[in-house]
Amino acid sequence: MHSAVLLIEFGSIILGLGLLGRFAARFRLSPIPLYLLAGLAFGEGGLLPLGASEEFVATGAEIGVILLLLMLGLEYTASDLVSNLKTHYPSGLVDCALNALPGAAVALLLGWGPVAAVVLAGVTWISSSGVIAKVLGDLGRVGNRETPVILSVLVLEDLAMAVYLPIVTALVAGVGLMAGSVTLAIALGAAGLVLFLAVRYGRLISRFVSSDDPEKLLLVVLGLTILVAGVAQQLQVSAAVGAFLVGIALSGEVAEGAHTLLSPLRDLFAAVFFVFFGLHTDPSSIPPVLLPALALAVVTALTKIATGYWAARRAGISVKGRWRAGGALVARGEFSIVIAGLAVAAGIEPSLGPLATAYVLILVVLGPLTARYTEPVAMWWSGRRGARQGSPEPAPRKAEAEAPVGD
């Protein structure tokens with residue numbers, strides 16, 4: 001009987017996601033906000049809570065995040081990663097300063113103490129790699145000139161989690177300096193080892209994985225990715241970072257073949273991930289913290305847009321590309337929930353969990369919209385300002401023809 005209920009619930013979820021996706025496609029919107037709202041409707045405190053399929057959906061959600069980051073990694077080689085990190089690390093520092101400080105300041109103003117301030121700083125700092133990867137694919141921007149800048153910021157954030165998460169874990173657990181240092185050393189060593197193997201032995205890994213049989217290629221790539229993600233998570237390194245680095249390690253025909261085979265699986269499990277996020281958000285816990293969460297969301301949406309704009313400008317991207325980069329970075333998601341969950345489980349501050357949930361829900365819904373509309377709104381606004389101040393004489397047609405392309 002339990003098996004039948006599980007199949008009915010999970011089948012209904014998948015069917016509903018398909019219908020919501022078709023509805024969103026009709027209006028040329030990302031389906032992510034609709035997936036989240038569906039999760040809210042059928043989660044804790046929702047209209048019709050699901051029970052039998054919850055554990056299965058949770059596992060599917062983890063696989064969804066892993067596949068999103070794997071597919072993102074397949075777009076770039078190890079040399080691209082190292083080059084981007086060397087070039088864009090100042091953007092990572094600006095990102096941390098602009099987006100972590102508002103969260104820490106709000107926690108201190110609310111009187112939650114320094115540990116809660118460190119936790120909320122992480123919640124507001126880290127963008128959602130999963131949501132952003134999906135949005136870039138939905139909007140057809142994976143090949144855009146600003147996309148490597150976006151990915152560089154995301155990778156720096158994800159790698160920073162290898163340092164940040166062990167520190168937060170030690171703080172909320174109240175362990176001593178020695179125990180915290182050991183956890184941090186293990187995390188850094190594991191992240192460094194995976195990155196070293198990806199850069200140094202990427203071709204050998206691709207040769208080992210390569211197969212002319214699509215079935216064998218799918219099984220080996222999927223199994224290797226989930227295995228590495230699990231080991232990374234066990235060592236206090238993000239599973240998403242492990243999956244991303246597996247994608248980086250694969251190159252050439254293997255990467256192309258894996259991309260084609262895994263795309264449908266990514267779309268399925270990514271949708272499940274967004275529903276799962278909504279399922280675990282009790283709608284009744286949101287109203288009491290909605291105003292501070294909304295204020296924090298507005299401030300950090302603007303700081304993320306500023307981060308992306310600055311990073312893209314530094315990389316020589318055109319003005320339109322700068323606004324697109326900023327708008328794409330707004331969404332928060334999986335990492336923010338993980339960080340807040342550590343504090344909630346340790347009983348650091350009862351209000352931190354609902355605030356973080358409301359904050360992430362606002363930005364995970366707003367993120368796909370800012371990714372789509374930041375650039376046209378900014379261009380419209382700058383056009384209005386130019387018209388108010390008096391437009392200059394039109395440039396000659398020859399200058400127009402010589403203008404750079406690739407906005």
Side-chain angles (χ1 to χ4, degrees), residues 2-25 29-74 128-138 218-219 221-223 225-226 229-230 233 238-240 242-244 247 258-259 261-283 331-338 341 357 360-361 363-365 367-368:
H2 177 77
S3 177
V5 174
L6 187 151
L7 291 174
I8 291 170
E9 287 187 357
F10 193 66
S12 300
I13 291 172
I14 300 301
L15 176 61
L17 292 177
L19 295 176
L20 288 174
R22 289 173 62 179
F23 178 81
L29 296 172
S30 170
I32 292 172
L34 298 181
Y35 295 160
L36 288 163
L37 293 175
L40 274 177
F42 295 100
E44 300 174 5
L47 300 175
L48 184 63
L50 302 176
S53 60
E54 184 176 343
E55 187 175 344
F56 189 77
V57 170
T59 303
E62 288 189 44
I63 295 174
V65 175
I66 289 169
L67 288 178
L68 281 169
L69 271 295
L70 169 66
M71 300 295 280
L72 209 57
L74 289 173
S128 171
S129 301
V131 174
I132 293 169
K134 184 72 168 62
V135 168
L136 291 176
D138 289 342
L218 173 63
L219 292 174
V221 172
L222 185 59
T225 303
I226 295 176
Q233 189 161 298
S238 165
F244 182 84
H259 192 284
L261 292 170
L262 288 167
S263 290
L265 283 177
R266 173 202 58 189
D267 294 339
L268 168 62
F269 286 107
V272 171
F273 161 69
F274 298 119
V275 170
F276 176 75
F277 182 80
L279 287 174
H280 283 260
T281 302
D282 186 350
R332 271 57 157 201
E334 59 275 12
F335 267 136
S336 298
I337 292 301
V338 169
T357 300
V360 171
L361 183 63
L363 287 184
V364 85
V365 172

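Taken to the nearest 0.5 Å, the CD1 atom of I63 stands 12.5 Å off from the CG atom of L70.
Shortest non-hydrogen contact noted between L363 and R332 is CD1-NH1, 3.6 Å. When every heavy atom of A331 is checked against every heavy atom of I132, the shortest pair comes out as O-CD1, 4.3 Å. G60 and V272 make their closest contact through C-CG1, 4.0 Å (heavy atoms, listed as atom of the first residue, atom of the second, distance). Summarising the geometry of H259 relative to M71, their closest heavy-atom pair is O-CE, 3.3 Å, with the distance given to 0.1 Å.
Y35 pairs by the side-chain contact (heavy atoms from CB on, under 4.5 Å) definition with L17, L20, P31, A271, F274, V275, not counting sequence neighbours. With sequence neighbours left out, the side chain to side chain donor-acceptor pair (under 3.5 Å) criterion links S129 to D158.
With L67 as the partner, the side-chain contact (heavy atoms from CB on, under 4.5 Å) test is satisfied by one option alone out of D267, L265, T225, I226: L265.
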